[in-house]
Amino acid sequence: MKKTLRNILIMLLVLAVLGGGAAALLLLPQDAGDDPSSSSSEPESSREAVLVTQVDAADLKSITVVNSQSTFTFVPQGNDDYTIQGFEDSVVNNLTAANSVKALLSLQSVRELGAQSDLESFGLAGEQAVEVEIVTAAGTQKLVLGNAAAETAGNYVLSDGQVYICPNVPENLYGSMFRYFNYSLYSIATNVNEDNPNGYDILYHLNLSGSNFPEPVEIAYDPAFMGMYVVKSPILAESGTTALQEIRDALLAPTASEVAGAKLTPQQLEEFGLAEPVAVAEFDLNNVQHTLKVSKAHNGYRYLMMDDRDVVYRISDDQVAPWADVKLNQLRMSYIWLANIMEVEQLTVTQGDEVTEFHVTRTLNEEKSTEDSPTYDLAVQDAAGKPVDYTAYRDFFSELLSIAVLNVEKPEITGDPAYTVEYRFFEDDPQTVAFYPVGNDRYAALLNWAFSGQVRKSETDAAFAKLEATH
């Protein structure tokens, strides 16, 4: 019994010794090299601010940026302006470019993390990394821009093998170079001068072509017409319609939603639908000239190119549809010629061999006139000098103006006109309207011997029947 008790005490003593040794071992500090988290422990120097880049703008030659979406190079333009190499200055948003360049020239860290072996975990290697090369008169400095930092506000930046956290790293550097492009294509100011004292927007010239227009359409500003505009081709007709006003307004300041591509190959242009545009607008608005080309509409937007820029923009359909989808009959007035009865000095009507002339004299009505709007009392005589009833003359004159154009489909025109009307004015050039029978209750109306549109024969005959009342 005593022997057994003695053995038990000896065993307890051994266990106690071994257990105390194990506890002692556990309480000893481990070697820092064996701690898996020791590589990310932060030295005291990591909290000191360091200038990662310090470049005088006057010494800068270029900054090249390479990311997963683009490779592009900023170049100085003088006066603290910067653009992207290979693109004209008007394409690039110089302010956005300048902000990024200035940030890169003076990057200051808030923490220095030192050398790191796993750069990819900081976004400083692999596809997400952004490589930056700053070339100055003194040499070249290379940076890598990484992820947003977890420790504090800023991004990881690699320079000369050291990792820093820098605030204010421009986000645009991580995306496409198109972020630095202007989305506002242009903005045309109203031209106020002696000829345009009220500051109206004047569309001096407009050419529309493309697959949406079987024949190119040409429109010009012409104050001789009451609508102030004339369609010169493929018909001759007075314009100034609501549709033309909407075109003018749409051309003043279009803005794209994004840039879709640049420096495109013929195949890429075809993919964007711009190898053969559906509509092309060449215009002079307020003495500013531009050319716009657009694709078909798709999900509410189109692709657009402007002037000689090798850039494709994405733009909402409602900004270009007024001119891209307009029809010729929407651009012409519904009448053939709208003459002011007070401006007509002589009206000559020819029906076959019968010619009727009206000669007008006018006297200023001082009571009804204003400085800007004179009013005249008219007296009408026939070719023999016999007085013509003014009311009958006025009614016939109104009937001529009210003949409506049905369509602008040009028929085959042969033979002699059924009716010809010549307007001679006190001040402006003469105008002639002729009506040729083309069958199916239609006349082809010609303005100054150029096709203007088709009119209904029965309506036209009824208008000329009013001539009888003037005799």
Side-chain angles (χ1 to χ4, degrees), residues 69-70 84 86-88 90-93 96 175-189 201 203-219 229 231 233-234 239 241-286 288-332:
Q69 299 182 48
S70 295
I84 293 178
F87 293 94
E88 60 184 276
S90 59
V91 172
V92 178
N93 187 318
T96 306
S176 166
M177 67 175 171
F178 299 146
R179 293 184 178 186
Y180 292 97
F181 282 33
N182 282 318
Y183 291 175
S184 175
L185 305 183
Y186 58 83
S187 182
I188 297 177
D201 294 308
L203 186 59
Y204 288 103
H205 194 263
L206 173 67
N207 269 11
L208 296 173
S209 59
S211 59
N212 276 359
F213 301 93
E215 295 180 274
V217 177
E218 181 183 0
I219 297 176
Y229 292 91
V231 180
S233 180
S239 187
T241 62
T242 299
L244 184 64
Q245 294 171 14
E246 291 173 350
I247 289 174
R248 179 196 62 198
D249 294 344
L251 293 174
L252 281 170
T255 300
S257 58
E258 65 179 74
V259 175
K263 306 290 185 184
L264 302 174
T265 64
Q267 181 179 351
Q268 289 172 317
L269 284 176
E270 188 171 350
E271 291 170 357
F272 281 116
L274 291 167
E276 296 181 1
V278 297
V280 179
E282 302 173 75
F283 63 91
D284 180 336
L285 178 55
N286 295 342
V288 177
Q289 298 82 35
H290 286 296
T291 299
L292 304 179
K293 306 173 184 178
V294 293
S295 67
K296 291 181 180 178
H298 179 71
N299 293 334
Y301 70 88
R302 299 180 192 241
Y303 293 112
L304 177 148
M305 295 187 76
M306 170 185 168
D307 298 336
D308 295 327
R309 295 182 186 178
D310 195 0
V311 178
V312 173
Y313 300 91
R314 189 176 186 265
I315 191 168
S316 61
D317 179 47
D318 59 350
Q319 293 190 73
V320 297
W323 57 267
D325 292 338
V326 72
K327 304 302 180 185
L328 178 59
N329 62 339
Q330 296 175 288
L331 294 171
R332 61 150 306 136

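A quick note: this is a predicted structure, and the numbers were derived from the prediction, not measured.
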Self-check item: Phe181 and Tyr313 aromatic centres sub-6.0 Å
Solution: no

Residues Ala275 and Glu270: closest non-hydrogen pair is CB-CA, 3.8 Å

Hits for side-chain contact (heavy atoms from CB on, under 4.5 Å) against Gln330, two or more places apart or cross-chain, chain-then-number order -> Ala243, Val326, Lys327

Asn212 meets the side-chain contact (heavy atoms from CB on, under 4.5 Å) criterion, sequence neighbours left out, with Val278, Asp325

dist Leu274:CG -> Arg302:CZ (nearest 0.5 Å) comes out at 11.0 Å

- request: Using only heavy-atom distances, determine whether the side chains of Thr242 and Gln245 contain a donor-acceptor pair under 3.5 Å.
  value: no

Hey, can you tell me if His290 and Phe283 have their rings parallel, tilted or perpendicular (30° and 60° cut-offs)?
tilted

Under 3.5 Å, is there a donor-acceptor pair linking the side chains of His205 and Glu218?
-> yes

Margin query: Quick check against the 3.5 Å criterion: does Asn207 have a side-chain atom that pairs as donor or acceptor with the backbone of Glu282?
Written below: no

- Task: For Gln69, look at atom CD and say whether over 12 heavy atoms of other residues, nucleotides or ligands are found less than 6.0 Å away.
- Result: yes

Hey, can you pull the donor-acceptor pairs under 3.5 Å for the side chains in residues 252-264, sequence neighbours left out?
unit_1, atom_1, unit_2, atom_2, d
Ser257, OG, Arg314, O, 3.1
Lys263, NZ, Gly86, O, 2.8

In this structure, CZ of Arg248 is separated from CD1 of Ile188 (nearest 0.5 Å) by 12.0 Å

Check the pair Asp318 / Ser316 against side-chain hydrogen bond (donor to acceptor under 3.5 Å, both in side chains), numbers first and verdict last.
CA-CA 6 Å; Asp318 59 350; Ser316 61; 2.6 Å; yes

